[in-house]
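Inspection log for the structure reproduced underneath, given as structure tokens.
Bear in mind that the values here come from a model prediction, so they are computed numbers and not experimental data.
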Amino acid sequence: MTGNTPADAAEGVAITGASSGIPEATARGLAADGHRQPHTAATDRNGLGHRLQVLEDKEALRTLLFRGWRALDRKDWQAWIACWAEDAMLEFGPWGAIRGRDAIRAKVEEAESPYPHMQHHILNLHVEVDGDRAAGIGYMWFVAVTEPGRTSSPYSMGGPYDWEFHRHPDGWRLVRQRLGVWWTDGGEAPAAFEPEA
């Protein structure tokens with residue numbers, strides 16, 4: 001048997017052309033004169049292309065955060081700060097608001113450099129994309145060995161993350177991060193996480 005059949009469709013074969021009775025131009029979303037058929041905004045947002053783009057953007061945002069936070073574990077400050085926009089803002093409970101990528105890097109590097117080992121965990125991550133902007137929420141679980149050899153009693157703290165992102169020509173960037181502290185464990189907070197005087 002030749003031509004397109006329902007079995008062909010089940011195998012992913014495109015059913016277009018004379019054998020299907022569907023003009024190829026129509027199957028490609030083109031009008032009979034070769035021009036693109038008009039789409040409403042609702043159709044575009046519900047279309048396969050848009051949904052795929054949103055999924056790709058969400059994965060890119062997750063990758064951005066996980067890559068950056070693993071870089072913090074390694075004290076690769078340059079790789080971490082590359083995830084941020086030039087005019088970004090970090091709002092962290094004990095520190096207040098810090099503006100600008102250079103200032104953010106300087107403060108975090110100063111605070112975390114002394115620790116022999118660190119783990120920056122992101123829990124319950126959720127992101128939403130709206131065009132070239134996105135927002136995310138999650139929870140922090142930070143664990144640090146504060147002194148060499150003191151591995152049985154690390155300092156840890158947790159709290160809520162709230163992120164804002166913008167799409168830049170070379171990819172997504174963090175433009176704002178709010179981070180609160182809900183709990184701590186392992187003794188008194190290290191001096192790096194004490195409120196600013």
Shortest non-hydrogen contact from [X] toward [Y]:
X: W183; Y: S156; answer: CZ3-OG, 3.5 Å
X: E91; Y: A97; answer: CG-CB, 4.1 Å
X: G180; Y: M140; answer: O-CE, 3.8 Å
X: A79; Y: A71; answer: CB-CB, 3.9 Å

*Inspect the contact between R167 and D57 and indicate whether a charged nitrogen and a carboxylate oxygen are less than 4.0 angstrom apart.*
yes
*Should R178 and E164 count as an ion pair when the cut-off is N to O under 4.0 Å?*
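Yes, this pair counts.
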*Counting heavy atoms not belonging to H117, are there more than 12 under 6.0 Å from its NE2?*
no
_Enclosure of W141 CH2 (heavy-atom neighbours >12, cutoff 6.0 Å)_ =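 No, the 6.0 Å shell around CH2 holds no more than 12 heavy atoms from other groups.
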Quick one, [X] and [Y] - any side-chain contact, counting heavy atoms below 4.5 Å?
X: P154; Y: T146; value: no
X: I104; Y: W80; value: yes
X: R51; Y: L48; value: yes
X: L90; Y: W95; value: yes
X: Y161; Y: I137; value: no
X: V129; Y: K58; value: yes
X: M89; Y: V175; value: no
X: E112; Y: L72; value: yes

*Are the aromatic rings of H120 and W69 close, with centres under 6.0 Å apart?*
no
*asked:* Please verify the inter-ring angle class for F165 with W172; under 30° counts as parallel, over 60° as perpendicular, anything in between as tilted.
replied: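 F165 and W172: perpendicular rings.
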*Taking the six-membered ring for Trp, are Y139 and W182 parallel (under 30°), tilted (30 to 60°) or perpendicular (over 60°)?*
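Tilted: the ring planes of Y139 and W182 meet at 30° to 60°.
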[X] [atom1] to [Y] [atom2] distance, which is reported to the nearest 0.5 Å:
X: R70; Y: Q119; atom1: CZ; atom2: CD; result: 9.0 Å
X: Q53; Y: H50; atom1: CD; atom2: NE2; result: 9.0 Å
X: W84; Y: R101; atom1: CH2; atom2: CZ; result: 11.0 Å
X: R173; Y: D87; atom1: CZ; atom2: CG; result: 12.5 Å

Following the transitive rule for hydrophobic clusters with a side-chain heavy-atom cut-off under 4.5 Å over Ile, Leu, Val, Met, Phe, Trp and Tyr, establish whether [X] and [Y] coincide in one cluster.
X: L179; Y: L123; result: no
X: V145; Y: Y115; result: no
X: V143; Y: L125; result: no

*Are any side-chain N or O atoms of K107 and backbone N or O atoms of I98, one a donor and one an acceptor, separated by less than 3.5 Å?*
no
*asked:* Strictly distance-based, threshold 3.5 Å: is any side-chain N or O of K75 a donor or acceptor partner for the main-chain N or O of M118?
replied: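 No.
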*Using the side chain to side chain contact (heavy atoms under 4.5 Å, CB included) rule, take V127 and W163 through it: C-alpha gap first, then chi angles, then the decisive distance, then the call.*
CA-CA 9 Å; V127 293; W163 295 285; 5.7 Å; no
*Side-chain donor-acceptor contact under 3.5 Å, R133 with H166*: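 Short answer, yes.
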